[in-house]
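Note sheet for the following structure.
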Amino acid sequence: MMDAAPDAGDGEIERLKRENQQLRARLADLETIFTSMPVPIAMSQDADSNDIEVNPAFAALLGVDTDVNVSATSPDAEKLPYRLMRSGKPMEPDDMPLRKAGRLRKEIQDEIEILRDDGIRYYIYGAAKPLFDEEGNVRRTFGAFVDVTDRKRAERALQQSMEALFKANEELQQFAYAASHDLQEPLRTIASFTQLLERRYSKDKDASDYTALIVEGVNRMNILIRDLLQYSRLGSAAELKRTPFELGNALQWALLNLDHSIREKKATVSHETLPEVIADESQMVQLFQNLIGNSLKYKTDLPPLIHVGVEEEEDDWVVSVRDNGIGIEPEFKDKIFGVFKRLHGRDVPGTGIGLAICRKIVENHGGRIWVESDGKNGSNFRFTLPK
Ligand code: ADP
């Protein structure tokens with residue numbers, strides 16, 4: 001006698017039919033996802049990835065039809081119209097993501113370059129994973145990727161322009177150094193022969209006037225060259241001698257160096273407690289010296305009042321050197337930081353390199369420098385130093 005009643009049997013069949021329908025629907029859904037997703041997906045039919053199927057998005061990248069077996073170990077692999085590359089070299093089949101994931105029995109993430117025979121290059125990034133059967137054997141592998149070609153190109157372009165910029169900067173630095181260094185020698189020759197001429201033609205009024213002008217020109221050029229040399233000697237950020245020290249000490253050194261001028265101009269310099277920083281100490285001395293030196297130089301008829309303050313921000317210290325001097329018209333507030341840029345004639349001594357040096361020091365330390373002034377009531381030079 002049969003165990004199952006006819007009713008129960010019908011019910012079971014109905015249930016199996018329903019389950020079958022659901023499975024088919026699910027399979028169809030997965031198939032639709034596989035074929036219509038705009039991301040490259042590959043799936044092997046076997047554990048060793050000797051037979052790999054790709055979805056239309058991937059096939060389009062590779063330049064093949066969707067029915068082509070794209071496995072590098074397939075008998076027709078030679079005919080595939082592209083090469084998979086890593087670091088400019090063709091990849092070994094064992095190193096390819098699906099095969100590797102199957103061999104290592106775990107998910108792997110990878111970035112691959114696809115070099116097609118038609119010269120088009122793509123970069124993809126993604127993960128490959130093994131799928132296991134009930135006994136824990138790898139049944140097949142699959143991988144899903146993203147096309148990162150645009151990002152890669154942008155990265156490469158950025159890298160190239162950074163390298164070009166770095167090189168140009170190095171060359172400029174070397175040029176400035178060599179030029180200013182080598183120019184000193186002929187200048188010395190001009191100076192000494194002018195002195196000889198002066199002695200020989202001392203009785204001739206015109207000759208003395210001319211030689212005096214030559215000497216003046218030579219002296220001015222000497223100062224320009226000296227300043228340019230000082231600017232180019234600052235070097236790059238990589239050449240900084242960074243140590244931890246009290247920024248207040250650097251300020252004291254600068255004030256000591258300016259002592260004569262501070263007394264002469266009856267200036268008052270006040271300051272807040274400055275923090276400990278990690279920076280190039282001698283460059284910080286120079287920075288304060290140039291800024292405070294300018295405050296002493298660009299004074300009004302009143303005795304200079306100079307205040308060095310500091311504010312703490314999340315990532316930076318913001319240091320300020322404020323004075324009651326002649327101020328700077330807002331339209332010139334960027335220009336004054338350029339090499340040899342100044343707003344005054346010969347009557348005020350200087351070459352216009354001081355603030356260019358300040359900017360280079362601050363920027364080499366990863367900071368910014370700017371000035372705040374309404375052109376009347378003094379200037380407030382401010383710079384940041386990353387903590
Ligand atoms: P220099 O003092 O040799 O001219 P700098 O590069 O130090 O060169 O300064 C550039 C110009 O910026 C100066 O010529 C001056 O016009 C202006 N300047 C700098 N500091 C101040 C200041 N504290 N007050 C007013 N003007 C200033």
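Each ligand, and each atom within it, is numbered from 1 in the order the structure gives. We're numbering straight along the sequence, starting at 1.
A donor-acceptor contact under 3.5 angstrom links the side chains of Asn20 and Arg24, judged on distance only. At a cut-off of 3.5 Å, with distance as the only test, no side-chain donor of Ser71 or Asn50 sits close to an acceptor on the other residue. Checked by atom type, the side-chain pair Thr211/Thr194 shows no donor-acceptor distance below 3.5 Å.
The number of heavy-atom neighbours closer than 6.0 Å to OH of Tyr210, taken from other residues, nucleotides and ligands shown, is 12 or below. Heavy atoms from other residues, nucleotides or ligands lying under 6.0 Å from CD of Glu276 number more than 12.
When each of Lys333, Arg382, Arg322 is paired with Glu372, the side chain to side chain donor-acceptor pair (under 3.5 Å) condition holds for Arg382 and for no other.
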Asp259/Arg263 under side-chain contact (heavy atoms from CB on, under 4.5 Å): CA gap, chis, key distance, verdict: CA-CA 6 Å; Asp259 190 51; Arg263 282 169 197 273; 2.9 Å; yes
Step-by-step side-chain hydrogen bond (donor to acceptor under 3.5 Å, both in side chains) determination, Thr351 to Asp227: CA-CA 8 Å; Thr351 58; Asp227 284 0; 2.4 Å; yes
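Against a heavy-atom cut-off of under 4.0 Å, Ser379 is close to the following atoms of ligand 1: 22 (C), 24 (N), 25 (C). Close approach to Gly350 involves these atoms of ligand 1, each under 4.0 Å from a residue heavy atom: 3 (O). Shown in contact with Gly352 at under 4.0 Å from a heavy atom are these atoms of ligand 1, numbered in order with element: 1 (P), 3 (O), 4 (O), 6 (O), 8 (O). Residue Lys297 approaches ligand 1 through these ligand atoms, each under 4.0 Å from one of its heavy atoms: 1 (P), 2 (O), 3 (O).
Judged by the shortest distance from any of its heavy atoms, Asn290 lies outside the 4.0 Å radius around the atoms of ligand 1. The closest approach between any non-hydrogen atom of Gly327 and ligand 1 is below 4.0 Å.
Across the listed options Ile292, Leu355, Val371, Leu355 owns the non-hydrogen atom lying nearest to atom 5 (P) of ligand 1. The closest heavy-atom contact to atom 7 (O) of ligand 1, among the options Asp323, Asn294, Ile223, Ile328, comes from Asn294.
Scanning the protein for heavy atoms near atom 12 (O) of ligand 1, the closest one is Ile336 CG2, 3.2 Å. For atom 13 (C) of ligand 1, the closest non-hydrogen atom of the protein is Tyr298 OH, 3.3 Å. Of the protein's non-hydrogen atoms, the one nearest atom 14 (O) of ligand 1 is Arg342 CB, 3.0 Å.
Residue contacts with ligand 1: Leu343 is placed with a nitrogen or oxygen under 3.5 Å of a nitrogen or oxygen of the ligand (distance criterion only). The distance criterion of under 3.5 Å between nitrogen or oxygen atoms is not met by Ala356 with respect to ligand 1.
Under 4.0 angstrom from ligand 1, the non-hydrogen atoms of Lys341 all belong to its backbone. Counting heavy atoms under 4.0 Å from ligand 1, residue Phe337 does not touch it at all.
A salt bridge links Glu113 and Arg121; the closest N-O separation between the charged side-chain nitrogens and carboxylate oxygens is under 4.0 Å.
Between Tyr125 and Phe145, the gap from one ring centroid to the other reaches at least 6.0 Å.
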